[in-house]
Amino acid sequence: MPFRSRYTGLIEAYRDRLPVNDDTRIISLGEGNTPLIKLSNIPAHLGKKVDIYVKYEGLNPTGSFKDRGMTMAVTKAVEEGSEAIICASTGNTSAAAAAYAARAGITAFVLIPDGKIALGKLAQAMMHGAVVIQIKGNFDDGMRLVKEVADHAPVTIVNSINPYRLQGQKTAAFEIMEELGRAPDYHCLPVGNAGNITAHWIGYCEYSSASGDHVTGACTFCDGHCRYADGAIVGNRPRMLGYQAAGSAPFMRGEMVDNPDTVATAIRIGHPQSWDMAWKVKEESGGWFDECTDEVILAAQKLLAEKEGIFCEPASATSLAGAMMDIQSGKIPEGSSIVCTLTGHGLKDPDAAIKQSTSPMVTIDADLESVKRAILDNMS
Ligand code: F0G
(Lines give C-alpha, C1' and ligand atoms only; values in the text may rest on other atoms or scores of the structure.)
Protein backbone atom coordinates (compact mmCIF):
# COMPACT_ATOMS: atom_id res chain seq x y z
CA MET A 1 0.00 0.00 0.00
CA PRO A 2 1.46 3.45 -0.87
CA PHE A 3 2.35 5.63 2.12
CA ARG A 4 0.90 9.09 2.47
CA SER A 5 3.73 11.66 2.60
CA ARG A 6 4.46 12.86 6.11
CA TYR A 7 3.06 16.32 6.92
CA THR A 8 5.88 18.45 8.34
CA GLY A 9 4.32 21.84 8.93
CA LEU A 10 3.11 24.80 6.95
CA ILE A 11 6.48 26.22 5.89
CA GLU A 12 7.31 23.01 4.05
CA ALA A 13 3.77 22.82 2.67
CA TYR A 14 3.83 26.38 1.29
CA ARG A 15 7.58 26.89 0.92
CA ASP A 16 7.18 28.62 -2.48
CA ARG A 17 4.84 31.25 -1.02
CA LEU A 18 6.82 32.05 2.13
CA PRO A 19 10.04 34.02 2.67
CA VAL A 20 12.42 31.06 3.19
CA ASN A 21 15.18 29.55 1.08
CA ASP A 22 16.88 26.15 0.84
CA ASP A 23 19.36 26.98 3.61
CA THR A 24 16.77 28.19 6.12
CA ARG A 25 16.62 26.09 9.29
CA ILE A 26 12.90 25.60 9.77
CA ILE A 27 11.55 25.66 13.32
CA SER A 28 8.33 23.67 13.17
CA LEU A 29 6.04 21.62 15.36
CA GLY A 30 3.89 20.36 12.50
CA GLU A 31 1.45 23.30 12.70
CA GLY A 32 -1.30 23.99 10.15
CA ASN A 33 -3.37 21.48 8.17
CA THR A 34 -6.22 21.92 10.65
CA PRO A 35 -9.69 20.47 10.01
CA LEU A 36 -12.40 22.47 8.28
CA ILE A 37 -15.51 20.98 9.85
CA LYS A 38 -18.97 21.49 8.35
CA LEU A 39 -21.51 22.10 11.09
CA SER A 40 -24.33 19.59 10.91
CA ASN A 41 -26.76 20.70 13.63
CA ILE A 42 -26.45 24.45 14.19
CA PRO A 43 -27.90 25.61 10.82
CA ALA A 44 -31.06 23.56 11.51
CA HIS A 45 -31.11 24.93 15.06
CA LEU A 46 -31.12 28.42 13.53
CA GLY A 47 -33.80 27.37 11.03
CA LYS A 48 -31.68 28.73 8.16
CA LYS A 49 -30.29 27.15 5.01
CA VAL A 50 -26.64 28.06 5.21
CA ASP A 51 -23.38 26.11 5.03
CA ILE A 52 -21.26 26.89 8.07
CA TYR A 53 -17.72 25.52 8.31
CA VAL A 54 -15.44 25.98 11.28
CA LYS A 55 -11.68 26.06 10.83
CA TYR A 56 -10.56 24.41 14.05
CA GLU A 57 -7.31 26.21 14.76
CA GLY A 58 -7.39 24.92 18.33
CA LEU A 59 -5.90 21.74 16.90
CA ASN A 60 -2.54 23.38 16.22
CA PRO A 61 0.38 22.09 18.36
CA THR A 62 -0.01 24.66 21.17
CA GLY A 63 -3.77 24.87 20.75
CA SER A 64 -4.17 28.11 18.80
CA PHE A 65 -3.66 29.76 15.39
CA LYS A 66 -0.62 31.55 16.79
CA ASP A 67 1.51 28.55 15.84
CA ARG A 68 1.08 29.42 12.16
CA GLY A 69 2.68 32.81 12.73
CA MET A 70 5.19 31.63 15.30
CA THR A 71 6.81 28.97 13.10
CA MET A 72 7.61 31.74 10.60
CA ALA A 73 8.60 34.40 13.15
CA VAL A 74 10.93 32.10 15.10
CA THR A 75 12.39 30.55 11.94
CA LYS A 76 13.29 34.04 10.70
CA ALA A 77 14.52 35.22 14.11
CA VAL A 78 16.92 32.27 14.25
CA GLU A 79 17.99 32.82 10.64
CA GLU A 80 18.80 36.42 11.49
CA GLY A 81 20.92 35.32 14.46
CA SER A 82 18.57 36.29 17.27
CA GLU A 83 19.01 34.46 20.58
CA ALA A 84 15.90 35.76 22.31
CA ILE A 85 12.33 36.63 21.40
CA ILE A 86 9.82 38.76 23.28
CA CYS A 87 6.08 39.33 23.13
CA ALA A 88 3.20 40.87 25.02
CA SER A 89 0.28 38.49 25.19
CA THR A 90 -3.21 37.77 26.36
CA GLY A 91 -1.98 34.16 26.59
CA ASN A 92 -1.90 32.29 23.31
CA THR A 93 1.00 34.16 21.77
CA SER A 94 3.03 33.56 24.92
CA ALA A 95 2.28 29.83 24.79
CA ALA A 96 3.32 29.62 21.13
CA ALA A 97 6.41 31.80 21.60
CA ALA A 98 7.50 29.67 24.55
CA ALA A 99 7.07 26.40 22.65
CA TYR A 100 8.81 27.49 19.43
CA ALA A 101 11.65 29.13 21.39
CA ALA A 102 12.13 25.86 23.27
CA ARG A 103 12.23 24.00 19.97
CA ALA A 104 14.79 26.46 18.55
CA GLY A 105 16.91 26.53 21.72
CA ILE A 106 16.54 30.26 22.31
CA THR A 107 14.99 32.30 25.14
CA ALA A 108 11.41 33.59 25.21
CA PHE A 109 10.37 36.56 27.35
CA VAL A 110 6.61 36.95 27.67
CA LEU A 111 4.76 39.91 29.19
CA ILE A 112 1.27 39.02 30.36
CA PRO A 113 -1.43 40.98 32.18
CA ASP A 114 -1.33 39.97 35.84
CA GLY A 115 -4.18 37.54 36.65
CA LYS A 116 -5.94 38.07 33.32
CA ILE A 117 -4.83 35.12 31.23
CA ALA A 118 -6.46 31.71 31.10
CA LEU A 119 -4.79 29.04 33.22
CA GLY A 120 -3.94 26.64 30.39
CA LYS A 121 -1.98 29.34 28.57
CA LEU A 122 0.01 30.27 31.66
CA ALA A 123 0.78 26.59 32.24
CA GLN A 124 2.13 26.31 28.69
CA ALA A 125 4.40 29.35 28.92
CA MET A 126 5.80 28.12 32.24
CA MET A 127 6.21 24.51 31.13
CA HIS A 128 8.15 25.48 28.01
CA GLY A 129 10.56 27.49 30.10
CA ALA A 130 9.70 31.03 29.02
CA VAL A 131 10.63 33.90 31.31
CA VAL A 132 7.14 34.96 32.38
CA ILE A 133 6.86 38.64 33.30
CA GLN A 134 3.48 39.55 34.77
CA ILE A 135 2.72 43.24 34.49
CA LYS A 136 0.29 45.24 36.59
CA GLY A 137 -1.45 46.47 33.47
CA ASN A 138 -3.31 45.14 30.45
CA PHE A 139 -2.20 43.78 27.07
CA ASP A 140 -1.98 47.25 25.56
CA ASP A 141 0.45 48.34 28.30
CA GLY A 142 2.47 45.19 27.63
CA MET A 143 2.60 45.90 23.91
CA ARG A 144 3.84 49.44 24.50
CA LEU A 145 6.58 48.16 26.82
CA VAL A 146 7.69 45.42 24.42
CA LYS A 147 8.12 47.96 21.62
CA GLU A 148 10.10 50.24 23.91
CA VAL A 149 12.38 47.55 25.33
CA ALA A 150 13.15 46.05 21.90
CA ASP A 151 15.04 49.27 21.11
CA HIS A 152 17.28 48.71 24.14
CA ALA A 153 17.81 44.93 24.29
CA PRO A 154 18.86 42.20 21.82
CA VAL A 155 15.41 40.65 21.48
CA THR A 156 13.16 40.04 18.47
CA ILE A 157 9.50 40.99 18.84
CA VAL A 158 7.21 38.13 17.82
CA ASN A 159 3.88 39.90 18.21
CA SER A 160 1.91 40.29 14.99
CA ILE A 161 3.69 43.59 14.24
CA ASN A 162 6.47 41.21 13.14
CA PRO A 163 5.57 40.85 9.43
CA TYR A 164 6.61 37.17 9.35
CA ARG A 165 3.76 36.37 11.75
CA LEU A 166 1.16 37.40 9.18
CA GLN A 167 3.03 35.51 6.47
CA GLY A 168 2.64 32.28 8.43
CA GLN A 169 -0.97 32.99 9.37
CA LYS A 170 -2.04 33.66 5.77
CA THR A 171 -1.69 29.93 5.08
CA ALA A 172 -5.01 29.24 6.82
CA ALA A 173 -6.71 30.94 3.85
CA PHE A 174 -4.72 28.75 1.42
CA GLU A 175 -5.95 25.62 3.19
CA ILE A 176 -9.56 26.78 3.03
CA MET A 177 -9.30 27.60 -0.68
CA GLU A 178 -7.74 24.22 -1.42
CA GLU A 179 -10.39 22.35 0.51
CA LEU A 180 -13.48 24.21 -0.69
CA GLY A 181 -12.16 24.78 -4.21
CA ARG A 182 -13.32 28.40 -3.95
CA ALA A 183 -13.56 31.16 -1.36
CA PRO A 184 -16.47 31.04 1.08
CA ASP A 185 -18.95 33.90 0.72
CA TYR A 186 -18.14 35.11 4.24
CA HIS A 187 -15.17 34.55 6.53
CA CYS A 188 -15.81 35.37 10.20
CA LEU A 189 -13.04 35.99 12.73
CA PRO A 190 -12.71 37.24 16.29
CA VAL A 191 -10.75 40.50 16.29
CA GLY A 192 -8.26 41.63 18.92
CA ASN A 193 -5.11 43.16 17.45
CA ALA A 194 -6.61 42.47 14.00
CA GLY A 195 -3.47 40.68 12.80
CA ASN A 196 -5.27 37.48 11.94
CA ILE A 197 -8.05 39.04 9.86
CA THR A 198 -5.35 40.91 7.94
CA ALA A 199 -3.30 37.73 7.47
CA HIS A 200 -6.31 35.85 6.13
CA TRP A 201 -7.01 38.62 3.64
CA ILE A 202 -3.38 38.52 2.43
CA GLY A 203 -3.80 34.76 2.00
CA TYR A 204 -7.02 35.03 0.01
CA CYS A 205 -5.56 37.77 -2.19
CA GLU A 206 -2.42 35.78 -2.93
CA TYR A 207 -4.30 32.59 -3.63
CA SER A 208 -6.72 34.37 -5.87
CA SER A 209 -3.83 36.00 -7.74
CA ALA A 210 -2.03 32.69 -8.18
CA SER A 211 -5.24 31.23 -9.62
CA GLY A 212 -5.15 33.82 -12.37
CA ASP A 213 -7.86 36.14 -11.09
CA HIS A 214 -7.79 39.73 -12.25
CA VAL A 215 -4.84 41.72 -10.86
CA THR A 216 -4.99 45.40 -9.97
CA GLY A 217 -2.67 47.77 -8.13
CA ALA A 218 -0.01 46.80 -5.63
CA CYS A 219 -0.43 44.61 -2.58
CA THR A 220 -0.73 47.07 0.27
CA PHE A 221 -0.39 44.58 3.10
CA CYS A 222 2.72 42.51 2.92
CA ASP A 223 5.43 45.12 2.96
CA GLY A 224 7.11 43.43 0.01
CA HIS A 225 7.27 40.01 1.64
CA CYS A 226 4.73 38.24 -0.50
CA ARG A 227 5.31 36.85 -3.95
CA TYR A 228 2.57 39.10 -5.31
CA ALA A 229 3.91 42.34 -3.84
CA ASP A 230 3.62 43.93 -7.26
CA GLY A 231 0.00 43.09 -7.78
CA ALA A 232 -3.02 42.76 -5.52
CA ILE A 233 -6.06 41.06 -6.83
CA VAL A 234 -9.77 41.24 -7.45
CA GLY A 235 -11.31 37.82 -7.75
CA ASN A 236 -12.60 34.93 -5.77
CA ARG A 237 -12.39 36.25 -2.22
CA PRO A 238 -14.79 36.32 0.73
CA ARG A 239 -16.27 39.23 2.58
CA MET A 240 -14.29 39.48 5.81
CA LEU A 241 -16.38 39.87 8.96
CA GLY A 242 -14.59 40.89 12.16
CA TYR A 243 -16.36 40.43 15.48
CA GLN A 244 -15.30 41.98 18.76
CA ALA A 245 -16.39 41.53 22.37
CA ALA A 246 -18.69 44.43 23.26
CA GLY A 247 -16.55 45.54 26.22
CA SER A 248 -13.48 45.56 24.05
CA ALA A 249 -14.61 46.85 20.67
CA PRO A 250 -12.47 49.73 19.38
CA PHE A 251 -13.45 48.99 15.75
CA MET A 252 -17.09 49.57 16.69
CA ARG A 253 -16.34 52.72 18.66
CA GLY A 254 -14.17 54.05 15.82
CA GLU A 255 -11.40 54.81 18.29
CA MET A 256 -9.07 53.17 20.79
CA VAL A 257 -10.60 51.90 24.05
CA ASP A 258 -8.59 52.48 27.21
CA ASN A 259 -10.05 49.98 29.65
CA PRO A 260 -11.21 46.98 27.64
CA ASP A 261 -13.00 44.21 29.49
CA THR A 262 -14.50 40.88 28.47
CA VAL A 263 -14.74 37.27 29.58
CA ALA A 264 -13.01 36.48 26.27
CA THR A 265 -9.61 37.40 27.73
CA ALA A 266 -7.74 36.52 24.52
CA ILE A 267 -9.30 39.54 22.78
CA ARG A 268 -9.23 41.93 25.71
CA ILE A 269 -7.43 44.53 23.60
CA GLY A 270 -8.33 48.22 23.32
CA HIS A 271 -5.47 49.45 21.11
CA PRO A 272 -5.25 47.08 18.10
CA GLN A 273 -1.84 47.03 16.45
CA SER A 274 -3.19 46.37 12.94
CA TRP A 275 -5.77 49.17 13.08
CA ASP A 276 -5.24 50.67 9.61
CA MET A 277 -4.82 47.34 7.87
CA ALA A 278 -8.04 45.95 9.35
CA TRP A 279 -10.05 48.91 8.08
CA LYS A 280 -8.54 48.31 4.66
CA VAL A 281 -9.52 44.64 4.82
CA LYS A 282 -13.09 45.60 5.63
CA GLU A 283 -13.23 48.10 2.74
CA GLU A 284 -11.52 45.93 0.15
CA SER A 285 -13.52 42.81 0.97
CA GLY A 286 -16.88 44.52 1.35
CA GLY A 287 -17.13 43.14 4.87
CA TRP A 288 -18.00 44.64 8.23
CA PHE A 289 -17.22 44.73 11.95
CA ASP A 290 -19.71 44.02 14.69
CA GLU A 291 -19.74 43.28 18.39
CA CYS A 292 -21.15 40.54 20.65
CA THR A 293 -21.88 40.68 24.36
CA ASP A 294 -20.08 38.28 26.69
CA GLU A 295 -23.40 36.48 27.22
CA VAL A 296 -23.82 35.84 23.50
CA ILE A 297 -20.19 34.74 23.13
CA LEU A 298 -20.49 32.19 25.95
CA ALA A 299 -23.82 30.93 24.58
CA ALA A 300 -22.18 30.30 21.19
CA GLN A 301 -19.27 28.50 22.85
CA LYS A 302 -21.70 26.24 24.69
CA LEU A 303 -23.94 25.64 21.67
CA LEU A 304 -20.95 24.55 19.59
CA ALA A 305 -19.79 22.18 22.31
CA GLU A 306 -23.26 20.73 22.94
CA LYS A 307 -24.62 20.54 19.39
CA GLU A 308 -21.48 19.80 17.39
CA GLY A 309 -18.95 18.31 19.83
CA ILE A 310 -16.42 21.07 19.20
CA PHE A 311 -14.73 22.81 22.11
CA CYS A 312 -13.22 26.25 21.58
CA GLU A 313 -12.21 28.99 23.98
CA PRO A 314 -14.57 31.97 24.57
CA ALA A 315 -12.72 34.42 22.28
CA SER A 316 -12.89 31.91 19.45
CA ALA A 317 -16.64 31.51 19.80
CA THR A 318 -16.99 35.21 18.95
CA SER A 319 -16.71 34.34 15.25
CA LEU A 320 -19.62 31.92 15.44
CA ALA A 321 -21.62 34.19 17.76
CA GLY A 322 -21.30 37.03 15.25
CA ALA A 323 -22.10 34.80 12.29
CA MET A 324 -25.25 33.44 13.99
CA MET A 325 -26.37 36.98 14.81
CA ASP A 326 -25.99 38.07 11.19
CA ILE A 327 -27.56 34.88 9.80
CA GLN A 328 -30.58 35.37 12.07
CA SER A 329 -31.02 38.99 11.01
CA GLY A 330 -30.67 38.09 7.32
CA LYS A 331 -27.59 40.30 6.88
CA ILE A 332 -25.88 37.05 5.84
CA PRO A 333 -28.46 35.65 3.40
CA GLU A 334 -29.65 32.07 3.16
CA GLY A 335 -27.71 30.04 0.61
CA SER A 336 -24.39 31.51 1.81
CA SER A 337 -21.26 29.56 2.61
CA ILE A 338 -19.55 30.78 5.75
CA VAL A 339 -16.24 29.91 7.40
CA CYS A 340 -15.77 30.77 11.08
CA THR A 341 -12.24 30.54 12.45
CA LEU A 342 -12.10 28.91 15.86
CA THR A 343 -8.85 30.46 16.97
CA GLY A 344 -8.10 28.54 20.17
CA HIS A 345 -8.93 25.28 21.94
CA GLY A 346 -11.48 25.18 24.77
CA LEU A 347 -9.02 23.42 27.05
CA LYS A 348 -7.02 26.64 27.21
CA ASP A 349 -9.58 28.10 29.60
CA PRO A 350 -11.12 25.38 31.77
CA ASP A 351 -12.35 27.90 34.35
CA ALA A 352 -14.58 29.68 31.83
CA ALA A 353 -16.02 26.33 30.70
CA ILE A 354 -16.73 24.89 34.13
CA LYS A 355 -18.21 28.17 35.36
CA GLN A 356 -20.91 28.19 32.70
CA SER A 357 -21.52 24.46 32.45
CA THR A 358 -24.99 23.21 33.35
CA SER A 359 -24.18 19.55 32.73
CA PRO A 360 -25.63 17.38 35.46
CA MET A 361 -22.89 16.28 37.85
CA VAL A 362 -23.85 14.03 40.73
CA THR A 363 -21.75 12.45 43.45
CA ILE A 364 -22.90 9.01 44.53
CA ASP A 365 -21.80 6.00 46.55
CA ALA A 366 -19.58 3.55 44.65
CA ASP A 367 -22.19 0.78 44.27
CA LEU A 368 -24.22 -0.59 41.38
CA GLU A 369 -27.61 0.56 42.73
CA SER A 370 -26.48 4.17 42.98
CA VAL A 371 -25.04 4.16 39.46
CA LYS A 372 -28.26 2.64 38.06
CA ARG A 373 -30.32 5.31 39.81
CA ALA A 374 -28.05 8.09 38.52
CA ILE A 375 -28.53 6.79 34.94
CA LEU A 376 -32.32 6.50 35.21
CA ASP A 377 -32.67 9.91 36.87
CA ASN A 378 -30.68 11.59 34.08
CA MET A 379 -31.98 9.86 30.93
CA SER A 380 -33.13 12.52 28.50
N1 F0G B 1 -8.65 34.47 19.30
C2 F0G B 1 -7.71 34.06 20.17
C3 F0G B 1 -7.94 32.75 20.85
C4 F0G B 1 -6.58 34.85 20.43
O5 F0G B 1 -5.66 34.41 21.29
C6 F0G B 1 -6.44 36.09 19.77
C7 F0G B 1 -5.29 36.96 20.03
C8 F0G B 1 -7.44 36.46 18.85
C9 F0G B 1 -8.52 35.64 18.64
C10 F0G B 1 -7.38 37.74 18.10
O11 F0G B 1 -6.48 37.69 17.04
O12 F0G B 1 -5.18 39.70 17.68
O13 F0G B 1 -4.92 38.66 15.43
O14 F0G B 1 -7.00 39.89 16.04
N15 F0G B 1 -4.46 36.75 20.95
C16 F0G B 1 -3.22 37.49 21.16
C17 F0G B 1 -2.37 36.83 22.21
C18 F0G B 1 -3.43 38.92 21.37
O19 F0G B 1 -1.58 37.51 22.88
O20 F0G B 1 -2.45 35.62 22.38
P21 F0G B 1 -5.86 39.06 16.51
Side-chain angles (χ1 to χ4, degrees), residues 54-60 62-70 73 86-99 108 110-113 116-118 120-122 124-125 130 132 135 138-143 146 157-162 165-166 168-170 172 187-203 240-245 248-251 260 262-275 277-279 281-282 289 292 297 301 311-322 340-349 352:
V54 293
K55 181 75 170 155
Y56 197 8
E57 291 287 275
L59 293 190
N60 274 297
T62 77
S64 87
F65 73 95
K66 304 288 180 179
D67 296 343
R68 288 184 188 273
M70 209 52 77
I86 190 166
C87 65
S89 182
T90 55
N92 282 322
T93 302
S94 67
V110 304
L111 268 71
I112 55 172
K116 287 287 185 185
I117 79 166
K121 304 174 189 181
L122 182 62
Q124 289 177 290
V132 178
I135 57 163
N138 62 23
F139 170 86
D140 301 311
D141 297 318
M143 200 60 238
V146 160
I157 299 179
V158 293
N159 282 102
S160 56
I161 56 170
N162 177 327
R165 277 277 311 275
L166 301 195
Q169 286 169 217
K170 75 183 180 186
H187 189 131
C188 307
L189 287 132
V191 171
N193 265 321
N196 209 25
I197 196 167
T198 304
H200 276 77
W201 187 239
I202 294 171
M240 302 298 293
L241 311 186
Y243 297 105
Q244 299 216 279
S248 183
F251 285 102
T262 168
V263 67
T265 51
I267 50 171
R268 191 168 163 269
I269 294 171
H271 290 238
Q273 297 297 311
S274 296
W275 177 257
M277 292 205 280
W279 284 109
V281 171
K282 171 191 165 297
F289 296 118
C292 305
I297 292 170
Q301 184 198 17
F311 191 20
C312 69
E313 66 170 287
S316 308
T318 310
S319 57
L320 181 65
C340 296
T341 299
L342 300 179
T343 45
H345 202 288
L347 290 172
K348 291 269 191 177
D349 193 351

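Only a predicted model underlies this, so the values are computations on that prediction, with no experimental measurement involved. Quick note: numbers below take in every heavy atom, side chains included, and nothing from hydrogens, waters or symmetry partners. Just follow the structure's listing: the first ligand is 1, and inside any ligand the first atom is 1.
- Interface atoms of ligand 1 facing V191, defined by a heavy-atom separation under 4.0 Å, are 14 (O).
- Counting heavy atoms from C-beta on, the side chains of C87 and N159 come closer than 4.5 Å.
- For the pair S64 and ligand 1, no heavy-atom separation below 4.0 Å is found.
- In this structure, the protein non-hydrogen atom closest to atom 12 (O) of ligand 1 is N193 N, 2.7 Å.
- Q244 has its side chain out of reach of F289: every pair of non-hydrogen atoms, C-beta onward, lies at least 4.5 Å apart.
- Taking the side chain as every heavy atom from C-beta outward, V191 and P272 never approach each other to under 4.5 Å.
- In the vicinity of G195, heavy-atom distances shorter than 4.0 Å reach the ligand 1 atoms 13 (O), 14 (O), 21 (P).
- In terms of N/O distances under 3.5 Å, ligand 1 is approached by N92.
- Given atom 16 (C) of ligand 1, the protein heavy atom at minimum distance is K66 NZ, 2.8 Å.
- Numbered from 1 in the order shown, with element, the atoms of ligand 1 that lie under 4.0 Å from a heavy atom of A266 read 2 (C), 3 (C), 4 (C), 5 (O), 6 (C), 7 (C), 15 (N), 18 (C).
- For ligand 1, the atoms closer than 4.0 angstrom to any heavy atom of T93 are 16 (C), 17 (C), 19 (O), 20 (O).
- Checked against a 3.5 angstrom limit, the closest N/O atoms of G344 and ligand 1 fall outside it.
- Put simply, the side chain of S160 reaches to within 4.5 Å of the side chain of L166, judged on heavy atoms.
- Contact check for M240 versus H200: side-chain heavy atoms found under the 4.5 Å cut-off.
- On a distance-only criterion, S94 and ligand 1 share no N/O pair closer than 3.5 Å.
- Side-chain contact between F139 and N193 is present, with heavy atoms from C-beta onward closer than 4.5 Å.
- Taking distance alone, with nitrogen or oxygen atoms compared against 3.5 Å, T90 approaches ligand 1 more closely than that limit.
- Side-chain contact between I297 and T318 is present, with at least one heavy-atom pair separated by less than 4.5 Å.
- Only the side chain of E313 comes within 4.0 Å of ligand 1, counting heavy atoms alone; its backbone N, CA, C and O stay farther away.
- Note: F251 and W275 have parallel aromatic rings, judged against thresholds of 30 and 60 degrees for the angle between ring planes.
- F65 CZ, 3.5 Å is the protein heavy atom nearest to atom 11 (O) of ligand 1.
- Residue S89 places at least one N or O, backbone or side chain, under 3.5 Å from an N or O of ligand 1.
- Within the 4.0 Å heavy-atom shell around ligand 1 one finds I269.
- Near I267, the atoms of ligand 1 lying under 4.0 angstrom from a non-hydrogen atom of the residue are 8 (C), 9 (C), 10 (C).
- In summary, the atoms of ligand 1 found under 4.0 Å from a heavy atom of T343, numbered by their order in the structure, are 1 (N), 2 (C), 3 (C), 9 (C).
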Practice item. Start with the C-alpha gap between M70 and T62, add the side-chain angles, then the distance that decides, and say whether side-chain contact (heavy atoms from CB on, under 4.5 Å) holds. Key: CA-CA 10 Å; M70 209 52 77; T62 77; over 6 Å; no

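- No side-chain heavy atom of I117 sits under 4.5 Å from any side-chain heavy atom of T265.
- Here's the thing with N196: one of its N/O atoms is less than 3.5 angstrom from an N/O atom of ligand 1.
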Exercise for review: Report the C-alpha distance between K348 and N92 in whole Å, list the side-chain angles of each, state the deciding distance to 0.1 Å, and finish with yes or no for side-chain contact (heavy atoms from CB on, under 4.5 Å).
Suggested key: CA-CA 9 Å; K348 291 269 191 177; N92 282 322; 2.8 Å; yes

